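Contents: one structure, followed by commentary.
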Number of protein chains: 2
Amino acid sequence: MELAAAKLKFIEAWGKLGSEWGINRTMAQVHALLLISAEALTTEEIMENLSISRGNANMTLRDLIGWGLIEKQHKAGERKEYFFADKDVWNIARQVAKERKKRELEPVLKVLNELSNVAGDEKDPEFKTFKKSITDINKLAVNVDKTLETMLKAEENWFWGSILKVFK
Amino acid sequence: MELAAAKLKFIEAWGKLGSEWGINRTMAQVHALLLISAEALTTEEIMENLSISRGNANMTLRDLIGWGLIEKQHKAGERKEYFFADKDVWNIARQVAKERKKRELEPVLKVLNELSNVAGDEKDPEFKTFKKSITDINKLAVNVDKTLETMLKAEENWFWGSILKVFK
DNA sequence: TTAAACTTTCAAAAATTATTGAAAATTTAT
DNA sequence: ATAAATTTTCAATAATTTTTGAAAGTTTAA
């Protein structure tokens, strides 16, 4: 396969994966494009490459900066902005984990905590079932949260070394 | 907070979480409803409880069965079908992990593997960057895959015990 | 059989989400 | 200051996803 075809295929696959996990397809594609670009690209180049509008490119790039996945660069003597992706895959994984933990896991943990304290009749099967499900989900969520917390602090080798060694 | 209000709040939170992770909101809500129901429910009851149409309820229930999260039950002397959710949260987590691994991770691993074999000019920075990104992502994905594989086979206590002990 | 009870299907409609593109805003060089 | 280059905004439009609801299909009891 040619490099150009391979790039297209990767951009498509990354976009699909993103959309299956609740991340805007275009955002994932722009990220993919920058991930496999040796050089930083301009908004113009990204627009052309992915056939998207200026407005879309601008908003998507802003979001990607918000996720901590890309950064703006400036070239000496040039007006326009260049965009460059962090290529360290472990950094990327941590950054995504960090953002999703903050945006999605933490709010749910908060709700689960509130719901853990609902008072009711211990003889009522409906109450008992509710309470048990909430408590169990809460425990699982806390474990996931702790593991992510560890991952955020860890070096890649140490993290996978620890996990895979124990599981071998 | 009243049990009724707490149930509503949980259904809403579970639905929101689902939609943020690429799972249809209604599907997550039906799952939530059954998770906190002591008794199996009929399609009719689910429709009323969540204010959704018969068609929607039917399709959603079929999908949930496809995900292995709920099952049909029949009551002696009754025509209609009842639906009941597995309440074991560790089973649920494994089931979701298993399905998403199969549906989403494995196809991506396949593509990454193909892309790992793209030939090109080692002197070309574009080729080198592409190759390195793909190789690194591939390694990460393989590690995730192995960890999920272990999780699928593991008992809850053993799994979290191993992870959290190492990380303490 | 027949018919009532119940479930499934799917084209059309509604709701949601993503994208466009042109105008407004901003920045920079002169 | 002026104007060209560039970026940002956002109302309108398009695309996608979800939901509806009524008709068709199936099952069961008598």
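As the structure is a computational prediction, the values presented were derived from the model and not from experiment. Residue numbering restarts at 1 for every chain, and letters A, B, ... go by the order of the sequence lines.
For the salt bridge (Lys or Arg N to Asp or Glu O under 4.0 Å) test, residues two or more places apart in sequence or in another chain that qualify with B:E81 are B:K72. Scanning for salt bridge (Lys or Arg N to Asp or Glu O under 4.0 Å) contacts around A:E48 gives an empty result, with sequence neighbours left out. Remark: A:E71 engages no residue in a salt bridge (Lys or Arg N to Asp or Glu O under 4.0 Å) (not counting sequence neighbours). Taking the salt bridge (Lys or Arg N to Asp or Glu O under 4.0 Å) definition, one finds that A:E156 meets it with nothing, sequence neighbours left out. Every residue two or more places apart in sequence or in another chain was checked for a side chain to side chain donor-acceptor pair (under 3.5 Å) with A:S53, and none qualifies.
Counting only residues at least two apart or in different chains, salt bridge (charged side-chain N to carboxylate O under 4.0 Å, His left out) contacts with residues 24-33 of chain A are absent. Annotation: salt bridge (charged side-chain N to carboxylate O under 4.0 Å, His left out) contacts involving residues 26-41 of chain B, sequence neighbours excluded, comprise B:E39-B:K75.
Using a 4.0 Å heavy-atom distance criterion, B:S51 is classed as a sugar-phosphate-only contact.
One finds no salt bridge joining A:E122 and A:K128 here, because no Lys/Arg side-chain nitrogen approaches an Asp/Glu carboxylate oxygen to under 4.0 Å.
Contacts with DNA chain D (heavy atom under 4.0 Å) in residues 74-82 of chain A: A:R79, A:K80, A:E81, listed by number. DNA chain C is contacted by no residue of residues 13-50 of chain B, taking any non-hydrogen atom closer than 4.0 Å.
For C:dT8, one of the phosphate oxygens OP1 or OP2 lies less than 4.0 angstrom from a side-chain nitrogen or oxygen of B:N58.
Between A:L61 atom CG and C:dT19 atom C1' the separation is 14 Å, expressed in whole Å. The nearest whole Å value for the distance from the NZ atom in B:K72 to the C1' atom in D:dT27 is 12 Å. Atoms CG (B:N56) and P (D:dT20) sit 5 Å apart, rounded to a whole Å. Following rounding to the nearest Å, B:I52 (CD1) and C:dA15 (P) show an atom-to-atom distance of 16 Å.
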